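So that the names make sense, note that chain A is the first sequence line, chain B the second, and so on, each numbered from 1. Everything numeric here is computed off the predicted structure, so don't read it as measured data.
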Amino acid sequence: MKPLLPYPVLIAGLAALVGGLAFVSMVVGPATAGTFELFSMMTHGESDTAWMIMREVRLPRTALAMLVGMSLGMAGAALQGFLRNPLADPGVFGVSPAASLGAVLALYTGVSVQMPLALPLMGIAGALLCALLLHGLARRGGMLTLVLAGVAVSSLCAAVMSLALNLSPNPYAAAEIMFWLMGSVTDRSMDHVLLAGPLILLGWAILGASGRSLDALSLGEEAAASLGVDLRRTRTLVVAGTAICVGAGTAVAGGIGFIGLVVPHLLRPLVGHAPSRLLLASALGGGALLLAADILVRLLMFGPELKLGVLTALVGAPFFLWLIFRARTELES
Amino acid sequence: MKLEARGVSVTVHDRKLVENASLQVSGGELVGLIGPNGAGKSTLLRAILGIRAISAGRILLDGGDFLAMPPLKRANAVAFLPQERRVEWRLPAYDIVMLGRYPHQSGFGGPAPEDRAAVDRALDAVDGHGLVDQPVAVLSGGERTRILLARALAAESPLLLVDEPIAALDPYHQLHVMEILRERAHTGAGILAVIHDLTLVARFMDRLVLMNAGRIIADGSPADVLNAEQLASVYRISGSPPQRIS
Amino acid sequence: MKPKRHIGRPFARRALVALGPLFTLVFGIMVFQAVADAQARPQRIVSMNLCTDELLMRLVDPSRIASVTYLSQQSVNAPLGLDGIASKLKVNHGLAEEILMQKPDLVLAGRFTAATAVNLLRKLGLHIVTINPENTLDDMRANIRTIGEAVGETARAEQVIAKFDARLAALQAQIPPGEMPVFADIGVNNFISGENTLYTHIVNAGGYRTLGQALGFDGFRNVPLEQVLLVRPALISTTTAWTSPPSISTMALRHPALRAMVEATPQITIPERYTTCGAPSALGAVELLVAARKAVVAKVGG
């Protein structure tokens, strides 16, 4: 059961894939704007507009797809490793719904019209609030308390979001909220990248620090503790890291599902099943997948642009089902 | 090195799982912790390791407060093989054994040559070299126990606590594991093992500690501990005590 | 001859010397004004919202429109009397990138449409005018004036409003006096329009009260079927404000409890495009409602 590729080769390959897709993402425009029209603009004396589009529209979009995808992949791998459950995903602690709720409240109250950046800021505030709540709970209770609290927080956030939809002043405002919830990185600005980027990097650093403990945890909590793993510290790292990077990502991109669930599954055999090695691999895999999805969204345009979260769920769910069927003997053992 | 529990009690919801228990294990000896189910043996092991909170008493390592030491320092001194044999994910056996080196590693740059050497020695001890590439999940019970034991041995710590290392093994593998433990003790390690098989205990252990209902009721040579009255009162069986053969 | 010429030349020269600067000045002012005019009046206008699409197409020459939404090209959305214009225009899908490529000097957007793209475009320095969705016909008049000012067509905006008002008055003159009968538009999930919605204002302009007004509530609401049955409408709609071509909107009308009422009541179909936006297309709905009044009166009279 040795992995087919040596770990450094796998990482280099995935990094090259991410780089390549980022390049494609910078080059390919929406089908309706003329997929490759930028080239002809550059060679026909309109390079100012072309460069502005590259710098101000495609660069933030590409950067966010990469950052958010990597966060989802890494957090998914960390959570599955920590909970020792292949069904865990970054939504499990209710961080994503809390971030969504913050953003929805910004939309609902109209604050986002006065100040566009209020939307991601309130999303981040929602995620951090949820993380603090979980942290408070985790100090007393165990893992089960944390997951159950996550379910409760998710349900509460979903309920309040439904309430906002229910009470929204007109159908247009409701539609705006719903579209936002579907998840997208279209037309974000560099402001979004600068706002979410540092938090996302911080979240990665925190998650990365948990890596080795996750390996030890595959022997069970008692054995891990006897090996010198500080379980409480590990729990804090995983919860805080996930909340910060996924929360910040959700705040700028909306709800994007299935990346955090599917990517770790895909890559686990390739890293020899070690949770610590899976972190980086899954981050790169998540980045590549979301970049690819965002490119696909542009090429598949027939009418309004598909929302990224819709596409990942649409492709991710059947794929996940197939994965479960194929691997069911493995999962049961 | 000497690990000592002094007057340790573990209480959960007003129920005393371990009450005022004192024992010690030193380098070079193989000590058996025996007693019927529910006597508090596993709880005592966990309490000594600091995995379970104690309500009274102290744990001392060479006279110093063991529980006050940082987790990695503790792990360097005392290795532990829990009863739980489940391994998550399909990690290959080699990686599992390497996890025993966790307390020695910095976390950067992967395993050092001395880590690989220690893992090789541990695999030698359990005769596990043929299993290294297989996921532990597909190994048989005996193979899995050997690999997990190798994981505990790979730490090469001066003290080793093992919880029921031979449960669910066939007689051949039981003997094999007992021989590994004795070998390790005779090369200087102090081992405290929870074991149910009284015949093997009598045959391999240097000293026995007998627990019942959360208390330690005997501590001494196998011949002293395994006498007819003790067995009759604790295990509710009668007969002549097993003889030490080797 | 020579002196004459000499006499004449200095005169002409003097005249030229005197008139030249004046002429230059006048001509210069004219050119300057034309340029300034062109600068003040945007020449490459993009509309990112279905409702601003219609107002824009009514206010400026198609040559000044850089693009409208792709929705406006769909025949179900064709504004009243403007068929064919949108199909000759370029379209956008509310994406920042395609709009930047069209290099607009003015972008019209609805307050709730493509907010992220609008924010990005604003940040990149584009001139953007956002309008609120219309809740009344006065909102519509205000929005026409806002856009008229933005595109430099204030006079034409007044013309559009005057033409709308004149046609509306002519239609309303045909409405018999007395209490307004109830017009029932039962939407998906019994979604019904009450007081203070654009839809209700359009229906009122056509001489009817909506079911929601008869039941007495504000805004849009889901109403239980038994409550719907309490009101006897004079006219029933077979479409609703919430339908698209594959319509399930008339499902409520097929409910057994409603069937008797539906069969006994005159029906009309008001295309959705007449009630979606606060725009002159609303006259289409008013026309249909006023025309249907004859059937209602005949029914009531008979």
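Note on B:Leu99, B:Leu72, B:Leu49: by heavy-atom pairs under 4.5 Å with chain A, the leading option is B:Leu99. Among B:Gly50, B:Pro103, B:Pro70, the residue making the largest number of heavy-atom pairs under 4.5 Å with chain A is B:Pro103.
Between B:Arg151 and A:Leu227, some side-chain heavy-atom pair lies under the 4.5 Å cut-off. Side-chain contact between A:Arg212 and B:Gln105: present, with at least one pair of heavy atoms (C-beta onward) separated by less than 4.5 Å.
Rounding to the nearest 0.5 Å places CG of B:Asp95 at 8.5 Å from OG of A:Ser276. Separation of atoms CE (B:Met98) and CG (A:Asp215) is listed at 11.5 Å; rounding is to 0.5 Å. Atom OG of residue A:Ser226 and atom CG of residue B:Leu160 lie 10.0 Å apart, to the nearest 0.5 angstrom. Taken to the nearest 0.5 Å, the CH2 atom of B:Trp89 stands 10.0 Å off from the CG atom of A:Leu214.
Residue A:Glu222 is tested with B:Arg86, B:Arg85, B:Arg46 for a salt bridge (Lys or Arg N to Asp or Glu O under 4.0 Å); the sole match is B:Arg46.
Contact annotation for A:Glu221: neither backbone nor side-chain heavy atoms come within less than 4.5 Å of a heavy atom of chain B. Using a 4.5 Å cut-off between heavy atoms, B:Leu81 makes no contact with chain A at all.
Sorted by first and then second residue, the salt bridge (Lys or Arg N to Asp or Glu O under 4.0 Å) pairs involving residues 259-272 of chain A (not counting sequence neighbours) form an empty list.
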